[in-house]
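What follows is one structure encoded as C-alpha cells, with my remarks underneath.
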Amino acid sequence: MGRVLGRRWGRAVNGVRAIGVLRGESMGLVTGVTWVPIGAFAAPVPKKSSSAAYALTELASTLDVDFAFVPAGQERSAEAVRRLHHAGAAAFWSVAGVFGRVADRIGWAEALRATAGGPGALAAALAQELHAALDQVREGVAAEADAVVVADDFAGATGFLISPDFVLDALVPCYRLLAAEAHAAGIPAVFHSDGDVRALYPALKRAGFSGVHLAGLGGDDLEASLEAAGRHGLMALGGIEVAALRREGAARIGTRSGTFALDGGLMVCDDGGFNDAEEVADYVVAVDAARQAYVQVRGDLSL
C-alpha cells in the first residue's frame, strides 16, 4: 500500500493498486497518464492555476486512472499531488535526469560530444546537477508523492544517442543515488528513457528501480522491451504510443495494450508524446479499449 495513500486516503483504491503493482503485487489492470503539455488540454486552464496542475488532475479523474505523472519544478506541483490523492490516484513525481539537465545547460550537441571523452568528461557538471535532482526528489517526498520517476533520454528511434558504457559508468551511479533517496522515504522509483534501452535493464534494476517507462516504442520493439523488463524484474509502464494512435487506430492500440497487461507485466499508460487535444481524446478511447480487452478475458479489472 502506498505510503501516503495507506495513511491518509483510505478510499484511494486506484492509487493503492498502482503502488501495489510496482511492489510486485497482483492488483489487476493498472492505467495511468504521464506528461501532458498545457496546450494539449481541450479546455482552457483556470486562471487560478498557471500550470497544468489543475488540468492534469481533471484529466486523471475523467479517465479514472490509477496514477499520473507530476513534473517537479513547476508551479503548483505539490497541489497536483494533493488533487490526485483526492481523485483516488497515485502521484508519480517526475524529476529530470542528470544528463538532460547538463545538456539543457551547455547544449545537447556539446554534451553529446563530451561523452566521447569518457566518464570523467562531464563529471563536475553531472555532480552539480545531481544535487539539484536530489533536491527535487526531496521536494516530491515533502509533497507526499507516491513514487519518483527519473527521466533521462539517452536513446531515440535509431538507438543510443550516447555510449551505453558512458551511461553505465557515469550516469547509473547518479540514478542509484536518486532511487536511494526515494527508497529512504519508502516509495518506489521508475526510470524513463525514450528508445530501446533494454541493454541497461539489469543495471537499472541493481540501481534500485522498480519499473521502466517505455517511450517511442511500438510493434516488435515494444514486445521485446516488455519481455526484457519482466525477465529482469522490472515492471513496464507504457504500451500506448501516442504518435501511433491516429495512424493505427486508438481502439486497436488500446486493445493490444490491455492484452499485454493480462500477464501482469504492464501498467498501461501513454509514452509521453502528447502534442494536442485530439491526441488526448484518442488516448481516452485507447484506455477504454484496454479495459474492455482486459475484462473480456479476466472478467474484472481488479483480478
| request: Check whether any side-chain heavy atom of V284 lies under 4.5 Å from a side-chain heavy atom of D288, and answer yes or no. | output: no
| query | Under the salt bridge (charged side-chain N to carboxylate O under 4.0 Å, His left out) criterion, do R17 and E25 qualify, and how do the steps go? | reply | CA-CA 9 Å; R17 194 159 57 225; E25 301 171 25; over 6 Å; no
| Parallel, tilted or perpendicular, as decided by the 30° and 60° cut-offs, for the rings of F92 and F67 | parallel
| Of all heavy-atom pairs between P188 and H183, which one has the smallest distance, and what is that distance? | CA-CD2, 4.4 Å
| task | Compare every heavy atom of I253 with every heavy atom of G239, then report the nearest pair and how far apart it is. | result | O-CG2, 4.1 Å
| Has the side chain of N275 got a donor or acceptor atom that lies under 3.5 Å from a matching backbone atom of G273? | yes
| query | Is there side-chain contact between L204 and H232, with heavy atoms separated by less than 4.5 Å? | reply | no
| request: Report yes if some heavy atom in the side chain of L130 is under 4.5 Å from a heavy atom in the side chain of L178; otherwise report no. | output: yes
| Considering all heavy atoms, the nearest A143-V81 contact | O-CG1, 3.3 Å
| field | side-chain contact (heavy atoms from CB on, under 4.5 Å) assessment of V172 paired with R206 | value | CA-CA 10 Å; V172 170; R206 290 193 298 271; over 6 Å; no
| message | Would you compute the distance between atom CG of L266 and atom CG of L237 and round it to the nearest 0.5 angstrom? | response | 7.5 Å
| message | I want to check something: taking the side chain as every heavy atom from C-beta on, are L161 and L112 in contact at a cut-off of under 4.5 Å? | response | yes
| field | S61 side chain vs T57 backbone, donor-acceptor pair below 3.5 Å | value | no
| What heavy-atom pair brings E279 and R246 nearest, and what distance separates the two atoms? | N-NH2, 4.3 Å
| query | Less than 4.0 Å between a side-chain N and a carboxylate O, is that true for E79 and R82? | reply | no
| said: With a 3.5 Å distance limit and no angle check, can you tell me whether T255 reaches the backbone of A290 through a side-chain donor-acceptor pair? | reply: no
| task | Determine whether the side chains of R23 and S210 contain a donor N or O and an acceptor N or O closer than 3.5 Å. | result | no
| task | Would you please test F260 and E223 for side-chain contact (heavy atoms from CB on, under 4.5 Å) and show each step? | result | CA-CA 8 Å; F260 284 151; E223 291 193 51; 3.3 Å; yes
| Criterion salt bridge (charged side-chain N to carboxylate O under 4.0 Å, His left out) on R101 and D104, from CA distance to verdict | CA-CA 5 Å; R101 290 170 182 268; D104 287 343; over 6 Å; no
| request: Output the distance between atom CZ (R83) and atom CZ (R76), rounded to the nearest 0.5 Å. | output: 8.5 Å
| Ignoring hydrogens and geometry, is there a side-chain-to-backbone donor-acceptor pair from K205 to L234 under 3.5 Å? | no
| Side-chain heavy-atom pair L226, L214 within 4.5 angstrom cut-off | yes
| task | Quick one: pull up CD in E181 and CG in D135 and give me the separation to the nearest 0.5 Å. | result | 9.0 Å
| query | Can you find a heavy atom in the side chain of W93 that is under 4.5 Å from one in the side chain of S77? | reply | yes
| request: Ignoring hydrogens and angles, tell me if any N or O in the side chain of H213 forms a donor-acceptor pair with the backbone of G238 under 3.5 Å. | output: no
| task | Determine, using ring centers only, whether H192 and F69 are less than 6.0 Å apart. | result | no
| According to the interplanar angle, ranging from 0 to 90°, do the rings of F154 and Y175 count as parallel (below 30°), tilted (30 to 60°) or perpendicular (above 60°)? | parallel
| said: Is it the case that the side chain of D282 and the backbone of A250 share a donor-acceptor pair, with hydrogens and angles ignored and the cut-off at 3.5 Å? | reply: no
| remark: One should read off an interatomic distance between S257 OG and R291 CZ, to the nearest 0.5 angstrom, of 12.5 Å
| query | Just by distance, do the side chain of Y283 and the backbone of D270 share a donor-acceptor pair under 3.5 Å? | reply | yes
| query | OG of S225 to CG of D196: how many Å apart, nearest 0.5 Å? | reply | 4.5 Å
| message | Please confirm whether the ring centroid of W108 lies under 6.0 Å from the ring centroid of F99. | response | yes
| message | Using the rule given for side-chain contact (heavy atoms from CB on, under 4.5 Å), can you reason through V149 versus T34, listing the C-alpha separation, both sets of side-chain angles and the distance that settles it, and then say yes or no? | response | CA-CA 10 Å; V149 179; T34 69; over 6 Å; no
| Distance-minimising heavy-atom pair for G32 and V65 | CA-CB, 3.7 Å
| Under 6.0 Å from the CZ atom of R138, do we count more than 12 heavy atoms belonging to anything else shown? | yes
| request: Kindly give the heavy-atom pair with the smallest separation between A203 and L168, and that separation in Å. | output: CB-CD2, 3.5 Å
| said: Assess the residue pair L222 and E241 against the criterion (side-chain contact (heavy atoms from CB on, under 4.5 Å)); give the C-alpha distance rounded to whole Å, side-chain angles, the decisive distance to 0.1 Å, and a yes or no. | reply: CA-CA 9 Å; L222 174 61; E241 184 185 7; over 6 Å; no
| Close side-chain approach of V167 to I162, heavy-atom, < 4.5 Å | yes
| Is it true that a side-chain atom of D153 and a backbone atom of D194 form a donor plus acceptor pair closer than 3.5 Å? | yes
| request: With the side chain counted from C-beta on, respond yes when F166 and L122 share a heavy-atom pair under 4.5 Å apart, and no when they do not. | output: yes
| query | Does any N or O in the side chain of W35 come within less than 3.5 Å of the main-chain N or O of V70, such that one atom is a donor and the other an acceptor? | reply | no
| CD1/I187 to CD1/I19 distance, rounded to the nearest 0.5 angstrom? | 8.0 Å
| task | Spell out, yes or no, whether V285 and V36 are grouped together once hydrophobic residues are joined by side-chain heavy atoms under 4.5 Å, including indirect joins. | result | no
| said: Given 3.5 Å as the limit, does a donor-acceptor pair link the side chain of D152 with the main chain of G100, or not? | reply: yes
